[in-house]
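Working notes for the structure below.
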Amino acid sequence: MYIIVFLIIISLIIAIGFLLAFFWAVKDGQFEDDHTPAIRILFDDNKTKKK
Amino acid sequence: MNQISHKSQIKKQKKTICFHCGEPCKDDQIRLAEKAFCCEGCKMVYSILEDNDLCNYYDLNTMAGVSQKDYSNKEYSFLEDQSVVDRLIDFTDGEKTKVHFYLPQIHCSSCLWLLENLSRLHEGILNSRVDFLKKEVSITFSASNMNLREVVELLARVGYPPEINLNDLEHQEKVIDKSLYYKLGLAGFAFGNIMLLSFPEYLGMNAKANTTLVYFFGYLNILLGLPVIFYSGWEYFRSAWQGLKQRHLNIDVPISLGITALFSRSVFEILTHTGAGYLDSMAGLVFFLLIGKWFQKRTYDKLSFDRDYKSYFPIACNKKVEGKEVSVSLDNIKKGDMLIIRHGELIPADAYLLDGESKIDYSFVTGESDLIKKQKGALLYAGGRQMGAAIEISVAKKVSNSYLTQLWNEDTFTKSNKVGEVSDLADKVARFFTWVILTVAFATLIYWLPKDMGTAINAFTAVLIIACPCAVALSIPFTFGNVLRIFSRQGIYLKNIHVIESLSKINHIVFDKTGTITKVNSGSVHYRGKPLEEYIEQLLFSLVYHSSHPLSKRIKEGIHDQLPLSVLDFEEVKGKGVRGRVEDHYVRIGSNDFINGLSKKDTLKQNVYVEVDGEVYGAYTFDGAYRQGLNQVLNRLKKWAGLSLISGDNDREKGILLPLFETERNLYFNKKPADKLNYIKLLQSDNQYVAMIGDGLNDAGALSQSNVGIVITETTSNFTPACDIIVDAKAFEKLPFIFSFSKLSIHIVYLAYSIALVYNIVGLSYAVQGALSPVIAAILMPLSSITIVLFGVGASTLLAYKNNLL
């Protein structure tokens, strides 16, 4: 039965991991500009080496 | 013969368009590698991109560029001035330097691509990132390889000259407050986990058999609850305390009471092993409150509600020193300096005209719609735009002491915020609420105390817990937050949710004229009558080309892409029209009276007739002068609000405007910016709640003084003076809805309060008996919150739908 205590501690640690990931994303500014990255991802990297 | 050759020539011209920007080319002269360009500027940009292997720019979007025709070769030598540089850059460690610019030209993915590949144009650029919606680029460059001036010149060379204005010099580090996100994330995390750990309790776990588990869950809950109360919910305590210090009961007082009761009773129960506590309800409460806070905030990337004249003024201008031109930053301009102002440039300080003919567009500053001609020696006020050839001026006053900028010394601008940050409505309810709760709570305490000490404390805290005005605190953020979103979809942008409350109280509306109820540059000139051949058009164009009358200018813009022919015997008859001889043709353009000898007035429309060699061809109509739907808008508003018009322009349109505003008493012309401000004050002293609708710097004082300042703008990226609401000119017809819908949304909030009251009565009936179990609390509190949120958002959306606002 006390395996539940162990499992809950593990689940909490994982949850805290996600919480920290969220904090990191906020700090990194991922919620500030949600439009530009959507365009940026469509560019090819090395298309212009044709000359 | 002559006419035919003209025609064919014109037709051929219209075929080629610029490879860079897509504008039609005047002639085929400007070419490079079989590509045609409309101007040298566009060709320049193309050749730079071509040389640096950046032609992907044109593959992403064809004709991606912005026309370089109006691009004057700006001088950026002021960017060598260290004091200017220091204030412009965001950060430097001596080598790596960060700076950001506003580039109004950004419009497509090609722009983004090119600007993020700037490092290929110059090795000094280390990194560049674009924020597309804000039209901003942040550049990191190496200071040893290039200076700020070279960065700006590089941007200008590829067709993206940054817009740098006086305000940029005073930019404080924009600190985006991210703490709300942290608080919200933490509260959500704690809420979810506490809920999970409380589930066994809800489902009736046998506490006697599993004491260790129950204790473990309880302690873990306390641990999770601590950051919720001391970090996420802490601002409510702070705000309540601040309110109390000022002897003012705000909505945060009962909220803090509720949170405290929840937390202390839960901790007590868990530590004494007498119960499971209400920590799930507490975390949920804080979480919902924070969501409300997040929802009511709405920021618009392109808009700014607190601009003053500094955002309108350039950062530097050209000063003449010993016959040479140098560009100097504006705050270094002293009395007596000689400045050179070119076409389209702003006069930065009050100055005397030394040389050249000045035709100044003051429409933005004074509301006067015609260009003002000034002679040598005349005093020119700051803020006007020179139209025509370059002029030389001698500065009479420093920038900050100018006639226009002095307006900002009025008290109105030093007052912090006229629309309070706290909602009146919520405060009123909170005051009432707090007293009722305290009365009920103490009555319960006194009733139970003689009978049973335990039940007394139990019931007392239960009342505080269940009565916590979560629902009340949520109804305004969610209802008004949703209204903000509904408005913004229509092109009506509110500064914050508190504006809605002020809007609902308005009973007098003051209009500005130029740019507000009239269009700034209405391109819609319609011609009606016998079709005009291209040659005839050219004749007309040539005649109006020489006239500075606003209507002539608009006909000229209506025809455009013509070359003016020389005109003999040109004559402008004041208030009537123009006439002259163009290539052996006698051309007359003017009013009905002038051409046909008839004096018939057209309401809201001005017709200009054209006649060539005695034959009347037809007329140009300018139905665009007044905004579409003006009549209906005013008629709707008239029903419940007083209307006034106060304009800096002269009163020649009085005849047209009188029937719209009904009485002459409320029409004011030739008013200075300060007069407008005083007029608003006068109305307010008469207990009127005033909304000012304006557009330019001349309205800034009135906008700031009024209870709600509304600015109409053609393009939202343009300069707008400080205000509470920015309205896209396209949404002008929706103006009456702003007021009526705000009133409706207040009613929605009242209804939401009544629903909250019903929940509270149910909850209290349990609480006073001392029978509030954690499960009931855990169900009732989120349920009431969710009902209020759904009701507020749903009802406002439904009403918007019924009013055709969606």
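Order of the sequence lines fixes the chain letters, A, B, ..., with proteins taken first and strands second; residue numbering starts at 1 for each chain. The basis for the numbers below is simple: all heavy atoms, side chains too, and nothing from hydrogens, waters or symmetry mates.
- Proximity to chain B (any heavy atom under 4.5 Å) is restricted, for A:Ile9, to the side chain, taken from C-beta onward.
- The distance from atom CZ of A:Phe18 to atom CZ of B:Phe189, rounded to the nearest 0.5 Å, is 11.5 Å.
- No donor-acceptor distance shorter than 3.5 angstrom exists from the side chain of B:Ser109 to the backbone of A:Ile39, with no hydrogens or angles considered.
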Legend entry - Test log, rule side chain to side chain contact (heavy atoms under 4.5 Å, CB included), inputs A:Ile4 and B:Phe216: CA-CA 10 Å; A:Ile4 288 180; B:Phe216 174 68; over 6 Å; no

Legend entry - Pair A:His35-B:Lys134, side chain to side chain contact (heavy atoms under 4.5 Å, CB included): steps then yes or no: CA-CA 10 Å; A:His35 190 85; B:Lys134 285 187 190 153; over 6 Å; no

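- Relative orientation of the A:Phe23 and B:Tyr182 rings is perpendicular, given thresholds of 30° and 60° on the angle between their planes.
- With values rounded to the nearest 0.5 angstrom, B:Asn193 atom CG is found 9.5 Å from A:Leu19 atom CG.
- Within a 6.0 Å radius of OH in B:Tyr58, other residues, nucleotides and ligands contribute more than 12 heavy atoms.
- Annotation for A:Phe31: atom CZ counts as buried by contact number, over 12 foreign heavy atoms lying within 6.0 Å.
- By the 6.0 Å contact criterion, NZ on B:Lys98 is open, its count of non-hydrogen atoms from other residues, nucleotides or ligands being 12 or less.
- Residue A:Phe22 holds its CZ atom at 10.0 Å from CG of B:Leu186, rounded to the nearest 0.5 Å.
- When heavy atoms are compared at a cutoff of 4.5 Å, B:Leu197 approaches chain A solely by way of its side chain, counted from C-beta outward.
- To the nearest 0.5 Å, atoms OG1 (A:Thr36) and CD (B:Glu116) are separated by 7.5 Å.
- At most 12 non-hydrogen atoms from other residues, nucleotides or ligands lie less than 6.0 angstrom from CD1 of A:Ile41.
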Legend entry - Test side chain to side chain contact (heavy atoms under 4.5 Å, CB included) applied to B:Leu224 and A:Leu12, step by step: CA-CA 10 Å; B:Leu224 287 164; A:Leu12 258 184; 4.3 Å; yes

